[in-house]
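What follows is a set of notes on a single structure, which appears directly below.
A quick note: this is a predicted structure, and the numbers were derived from the prediction, not measured. Values below: every heavy atom of this structure, side chains too, minus hydrogens, waters and symmetry copies. For ligands, and for the atoms within them, numbers begin at 1 and follow the listed sequence.
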Amino acid sequence: MAEHVVIVGSGPAGWTAAIYAARANLNPLVFEGAVTEENRQDGTLPLGQLALTTEVENFPGFPAGDLSGFLTTSLDEEHRYLADMHHKQGVSGPELMHLMRKQASNCGARIETDDIVEVDFSNRPFKLKSLGGKEVEAEAVILATGARANYLGLPSEDKYKNRGVSACAVCDGALPRFRNKPLVVVGGGDSACEEADYLSKFASMVHMIHRRDELRASKVMADRVLNNPKITVEWNSVIDEVLGNDETGVTGARLKSTVDDSTRELEASGMFLAIGHTPNTRFLEGKVDLTPKKYVVWTTPFRTTTSVEGVFAAGDVADDYYRQACTAAGTGCMAALDAERWLASQGL
Ligand code: NAP
């Protein structure tokens, strides 16, 4: 028998959709993603991008404070280690995501730790296939697969991934290999500024590599970087090659000027990419309308409807503008309500 609603993805959008769908008695099935090496490399493991961050200061309801007692009583035994690791400064990304997952499960959502790799939206009920070989049918689908960090695409960058090359300063920046060493951050947006500022707490200095002579970041973030004595912006420069060796991984970077043909080398023990994101929509190509940047298109203003009736989208998979945990959660709620109302209108 077909599921009422299948939710694909396990960030704030997916779990909020699951909580609402479960409370509406739709018995939702969530595909939270698979735990594979490829997903780890791509930054697409279950629980999404927030699971790769540290403090979350802007999710309403979690002011600074000691949550360890709450985490002990709210999470399953297997996740209580989070309470022991809790830093007493408010909620962290991984804690917030485990709390959302637990809340969805408490409400009755069923969870598969598996990726959806193929969809057939040409007829209803829709058909979905998972990496693990599961085939499910669904009357309604909520897409909430989020987005992942971009890389430059250089072979030398690929060679040193996890050996000094990272797209998540807050996940990796505190590792011993980066401490008191010069580091490189690539990009000129808010993320690059945030990462450079964060890394300057551990590094001896941070070189921010930007391809233009002006930052894209908001003034407050740009000022933070420009006034930080441990950060130097290398203007009009791109990474020509990541330098390193098999023994130590990254040892530096060769920069190429964007205004003339000159190159120069910098010493660095790590390179952090902050050059934007790509939505996780590979499995949706040709199945539902996507923007030129491959985000799912919301077809009606202030609704989560897509080009396929009965398929809804929530969170960063359809939003390259706000990209916040609480906006993703908000659109997850909207998608569940839209799905519920659409199912009712179909008599399902
Ligand atoms: P972004 O604003 O798109 O910035 C990406 C940066 O990477 C740009 O400076 C871009 O250069 C550069 N870039 C892109 N591709 C490149 C390539 N192949 N080689 C070299 N450089 C490349 O992305 P973001 O910084 O991740 O921010 C995304 C959104 O999230 C924004 O709306 C931002 O305001 C928001 N955000 C907010 C905060 C905050 O408020 N705390 C923190 C993080 C993100 P160009 O400038 O030349 O295009």
Which bit of S218 is near ligand 1, meaning a heavy atom under 4.0 Å away: side chain, backbone, both or neither? neither

Ligand 1-proximal atoms of L152, by part, heavy-atom distance under 4.0 Å: side chain

Using modelled atom types and a 3.5 Å cut-off, is there a donor and acceptor pairing between side-chain atoms of [X] and backbone atoms of [Y]?
X	Y	result
D213	N236	no
T16	G332	no
R177	T248	yes
E137	P125	no

Protein contact to [atom] [nearest heavy atom, distance to 0.1 Å]:
atom	result
atom 39 (C) of ligand 1	E194 OE2, 4.1 Å
atom 32 (O) of ligand 1	Y321 O, 3.9 Å
atom 31 (C) of ligand 1	R323 NH1, 4.4 Å
atom 8 (C) of ligand 1	R216 NE, 3.7 Å
atom 25 (O) of ligand 1	S191 N, 3.0 Å
atom 23 (O) of ligand 1	G276 CA, 3.9 Å
atom 38 (C) of ligand 1	D190 CB, 3.6 Å
atom 17 (C) of ligand 1	R211 NH1, 3.5 Å

Working for side chain to side chain donor-acceptor pair (under 3.5 Å), residues T304 and T331: CA-CA 7 Å; T304 62; T331 54; over 6 Å; no

Are F272 and F178 an aromatic pair, judged by ring center distance below 6.0 Å?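 Yes, close enough.
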
Would the number of heavy atoms belonging to other residues, nucleotides or ligands and lying under 6.0 Å from CD of Q346 be above 12? yes

Stepwise side chain to side chain contact (heavy atoms under 4.5 Å, CB included) check, D158 with Y151: CA-CA 9 Å; D158 205 38; Y151 286 87; over 6 Å; no

N/O to N/O below 3.5 Å, does that happen between Q324 and ligand 1? no

Under 3.5 Å, N or O to N or O, is G188 touching ligand 1 that way?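 By distance alone, the answer is yes.
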
Examine ligand 1 and decide if any of its atoms is less than 4.0 Å from a heavy atom belonging to E214. no

Using a 4.0 Å cutoff against the non-hydrogen atoms of R212, which atoms of ligand 1 qualify? 45 (P), 46 (O), 47 (O)

A student checking ligand 1 against H210 at a 4.0 Å heavy-atom cut-off should list atoms 9 (O), 11 (O), 45 (P), 46 (O), 47 (O)

If two hydrophobic side chains count as joined below 4.5 Å and joins carry through other members, does V136 share a cluster with F283? yes

When rounded to the nearest 0.5 angstrom, what distance separates CG in L199 from CE in M208?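 L199 atom CG to M208 atom CE measures 11.0 Å (nearest 0.5 Å).
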
Please compare V220, D320, I275 and report which has the shortest non-hydrogen distance to atom 12 (C) of ligand 1.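 Heavy atom nearest to atom 12 (C) of ligand 1 belongs to I275.
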
